[in-house]
Amino acid sequence: MNTPKRYMITAALPYANGPLHIGHVAGAYIPSDIYVKYLRLRGKDVCYVCGSDEHGAAITIRAKQEGISPQEIVDKYHGIIKNSFEKLNIDFDIFHRTSAKLHHETASEFFLDLYNNGKFVEKTTEQYYDEEFHQFLADRYITGECPKCENENAYGDQCEKCGSALSPLELKNPKSTLSGNTPSLKSTTHWFLPLDKHQEWLADWIENGMLDGEMHHEPKTWKKNVMGQVKSWLQDGLRPRAITRDLDWGVDVPQEIKGAEGKKLYVWLDAPIGYISATKQLALDGKIADWKTYWQDNDTELIHFLGKDNIVFHSIIFPSILKAKGEYILPKNVPANEFMNLEGDKISTSKDWAVWVHEYVEEFPDKIDELRYVLTANAPETKDSEFTWEDFQTRVNSELVATLGNFINRIAVLTHKYYDGVLENDIAAYESISEDLNQVFLTPNSEAIKSELERLIEQFKFREALDLLMTLARNANKFLTDKEPWKTIKTDEAQTKAVLFGSAQIVASLGIIAQAFLPNTAKKIFNLLNMESASWDDIGNLNLLKTGHKINEPELLFNKIDKEFVAAQVEKLEAKKKAKMEENKVVEEKKPEPLKAEIQFDDFAKIDLRLGTIIAAEKVKKADRLLHFTVDMGFETRSIVSGVAEHFTLEECIGKQVQVVANLAPRVMKKIESQGMILFAEDAQGKLHFVSPSSEVGNGNGVA
RNA sequence: GGCGCGGUAGCUCAGCUGGUUAGAGCGCAGCACUCAUAAUGCUGAGGUCGAGGGUUCGAGUCCCUCUCUCGCUACCA
């Protein structure tokens, strides 16, 4: 494999139904940004795109909740997210959006082309449609009369009276459970991507790195977590996946296609094409000459950065689409990160357990690099990691302030104190310490820090790479302590000058490396040194700054974080979580589950509820949630399967008296026949509780 | 239940194709130093490498069984 001529770097499109939290940023955006900054420092041709993913059902639902249009939702979050990236100095060439006209055209064209070339499988079925709610009805949204037993309340998939399996079309007098109206029958067509047909080349590509008989990439360079998950999917066997939906918010299925009306592209098809439309926009803006070279030229290296939830889309589905389309290159690598937890718990939007980026950048605009540093040093590269504010404090104080910032400050202060900020030197003395200076640029294993940095970054090991920046600063501190210029100033002027001169060169190298990780800090360092930025190859250059050059007044790069800061942040988290819980409670109270359609007494009377006692309980094999109960019903013993294994231990079930729906049609689950259903009470958290009579009632008696 | 990542010092993590006394940073203890945001440097204490078997002259590193975290997936009337 030869060196690529250019790079196409993508970062997963954030979903525009909420703001960004630190987990998103640590997972996909900071790593990709570091990688891109590094490539650019080395003078590479890089195109780096992202954008907001603005379609899909979740956005329409959110819009309904907030009482505004989907467009308003995505406009709002697109703005917030874009601003967060800018404040964090994540430098996309473009932050596009999938609601843009160009994207709709691009995705639509893409779809049509694939369609015309027979790359999809089409399935047309007759489905019931609710005119009032403007949507197709899933099986369970339809009730009607069972053709076999004349039960009037059979569901679209099954009649619960006679137990027969049904399809909605068999029902007599069907009704929509949404509006209560009679639904109309409409034929609907959906398109599927036959992933099963792609299985073979995908396996060869992923496992061996071979594409069309040629070496495409070295499989060993893919991260274990990514490889593992992808292979797992391949082993299971790939299945066709629907790529269209009946929705009203998204990219239309092209009108040229029969049956396209009311159909939208499924978001996961639409979203990755967003990378391409973003690149097109970039070309229209005149920022790049031609978008095609970045997507269709074999000399381009395509890399997708993302979180683990997106692995399958980017390493199986999107590559299948690109391959089916033809002409497009496939990703060389898909470096996915795992998840970041927060203070011992999973980050959760619904519980508001998160550090929100837009809030952080607003509150601490002078601590951007601190966040970038901590999120990189603790990135979930191989396994889930954890962010705590205490760790944030420790890392800032003992690493950024005490090691990196302190060294630079020492040099600035000494140079100003002794030489009024002017770099002086003594050739002979400089020669005598050059060996020591070169040592500073070596790792403890005597590897060159510069080449190690290159190796690690190219392997996507950013936390280790960042640690090398600290290694350099530690070495530098040691060098300075060993040379003791504050002592030699009294005895050996030449030596003192040489040491400070050399130290200033180290500071410059620190600045160069910082450009990839800590852009604001790099700027401050260069400003302090009174110089323009420098190129990557000047790392370790001991004569970058010249004799007689004057540096600026010392200025602190970082400030210490105190206990109060940490306490305030933790408190804020707890308070918001609590507030959110209250809010959720209120919502629950205000919006109880809507009542189901009214039934007649006759309907109710059909249900035969009886009391019984659980006399035996065991776990159902090969099913995590199922328990198999033996229930003494008084007149007989029943075998009943319930999905409650997560709620109760076997011991606490035995001996409990329970209410049983005794005339429910039997159903076989995991080869065990379940003869009835046990009733449980469910609380707001979804936890189940036994509903037992307050005093002993004989088994087999009814419930009235 | 199936599959996958992970389970290594108090904390966060490295340990490639098996090879001498298992590493780093932070934290902790002691010493040195004073140019520096009480910062820095040196030294040290701290580990049955999740548990149990096996292969081997030799295993954190390979095989088997089990277990825990997280994720994907199935079942959940």
Side-chain angles (χ1 to χ4, degrees), chain A residues 155 158 160 163 220 223-236 307-309 311-312 336 338-339 341 346 374 377-388 390-391 393-395 397-403 405-418 443-445 456 461 463-464 466-467 470-471 473-489 496 499-500 503 554 556-560 619-627 640-647 660-661 664-672 674-679:
Chain A
Y155 287 109
Q158 192 192 20
E160 305 217 327
K220 278 184 193 161
K223 291 170 68 165
K224 264 196 197 173
N225 54 340
V226 175
M227 251 333 206
Q229 176 150 170
V230 174
K231 277 188 177 177
S232 164
W233 270 63
L234 289 173
Q235 264 170 35
D236 276 1
K308 68 174 159 187
D309 49 336
I311 291 174
V312 181
E338 301 284 300
F339 287 159
N341 295 322
K346 287 182 204 180
V374 175
N378 200 15
E381 286 180 0
T382 56
K383 55 181 158 187
D384 290 355
S385 70
E386 174 144 335
F387 179 95
T388 66
E390 203 183 319
D391 181 61
Q393 178 195 29
T394 306
R395 299 201 103 108
N397 290 356
S398 67
E399 296 174 26
L400 289 179
V401 175
T403 305
N406 186 227
F407 172 72
I408 292 168
N409 191 235
R410 292 168 88 183
I411 300 308
V413 169
L414 284 170
T415 305
H416 274 275
K417 197 164 180 176
Y418 298 156
T443 69
N445 296 326
L456 290 168
K461 295 183 175 174
R463 54 192 297 168
E464 251 187 281
L466 181 60
D467 191 55
M470 297 316 295
T471 300
R474 279 183 210 106
N475 291 348
N477 273 315
K478 178 171 165 52
F479 168 80
L480 195 63
T481 305
D482 287 349
K483 296 299 175 201
E484 301 179 302
W486 47 92
K487 278 189 180 166
T488 59
I489 186 72
T496 309
V499 166
L500 289 184
S503 297
L556 296 181
L557 294 181
F558 306 101
N559 290 302
K560 287 205 149 198
K619 273 220 66 178
V620 175
K621 282 179 190 168
K622 299 193 179 184
D624 283 355
R625 297 184 187 166
L626 299 183
L627 288 185
I640 297 179
V641 177
S642 294
V644 297
E646 289 166 331
H647 302 280
V660 176
V661 181
L664 185 64
R667 170 130 166 181
V668 175
M669 278 175 281
K670 291 285 171 191
K671 295 185 179 170
I672 299 169
S674 181
Q675 305 156 329
M677 177 173 161
I678 297 175
L679 301 183

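Per chain, numbering begins at 1; letters A, B, ... match sequence-line order. From a predicted model like this one, the values you see are computed outputs, not experimental measurements.
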For B:G25, the Watson-Crick or wobble counterpart (both distances under 3.5 Å) | B:C11
Between B:A14, B:G41, B:C13, which nucleotide has the shortest distance from any of its atoms to the side chain of A:Glu464?
-> B:A14
Would you indicate what A:Thr471 reaches in the nucleic acid, counting non-hydrogen atoms under 4.0 angstrom: base, sugar-phosphate, or nothing?
-> nothing
Quick one: label A:Ser398 by what it contacts on the DNA or RNA (base, sugar-phosphate, nothing), any heavy atom closer than 4.0 Å.
-> sugar-phosphate
A:Thr382 side chain N/O closer than 4.0 Å to the phosphate oxygens (OP1, OP2) of B:A14?
-> yes
Identify whether any heavy atom of A:Lys223 sits under 4.0 Å from a base atom; if not, whether one sits that close to sugar-phosphate; answer base, sugar-phosphate or nothing.
-> nothing
Would you indicate which nucleotide in B:C35, B:G7, B:U37 comes nearest to any side-chain atom of A:Arg410?
-> B:C35
Mind checking the OG1-CG spacing from A:Thr443 to A:Asn475? Nearest 0.5 Å is all I need.
-> 8.5 Å
Whom does B:U40 pair with, Watson-Crick or G-U wobble, provided both distances fall under 3.5 Å?
-> B:A32
Testing B:U37, B:G6, B:A36 for proximity to the side chain of A:Lys224, the answer is B:G6
Pairing nucleotide - B:G60, Watson-Crick or G-U, each distance under 3.5 Å | none
Would you say B:U69 has OP1 or OP2 under 4.0 Å from some side-chain N or O of A:Lys346?
-> no
Is A:Asn406 touching bases, backbone alone, or none of the nucleic acid, heavy atoms closer than 4.0 Å?
-> base
Inspect the contact between A:Lys308 and A:Glu338 and indicate whether a charged nitrogen and a carboxylate oxygen are less than 4.0 angstrom apart.
-> yes
Can you tell me how far the CD1 atom of A:Ile411 sits from the CG atom of A:Asn477, to the nearest 0.5 Å?
-> 8.5 Å
A:Lys308 side chain near B:C5 phosphate (N/O to OP1/OP2, under 4.0 Å) | no
What is the distance, rounded to the nearest whole Å, between atom CD of A:Glu399 and atom P of B:C11?
-> 17 Å
Any strand: nucleotide that pairs with B:G1 via Watson-Crick or wobble, under 3.5 Å | B:U73
Enter the distance from A:Thr496:OG1 to A:Leu414:CG here, rounded to the nearest 0.5 Å.
-> 9.5 Å
To the nearest 0.5 Å, what is the distance between CG (A:Leu679) and OG (A:Ser642)?
-> 9.5 Å
Between CG of A:Leu234 and P of B:G2 the distance, given in whole Å, is 20 Å
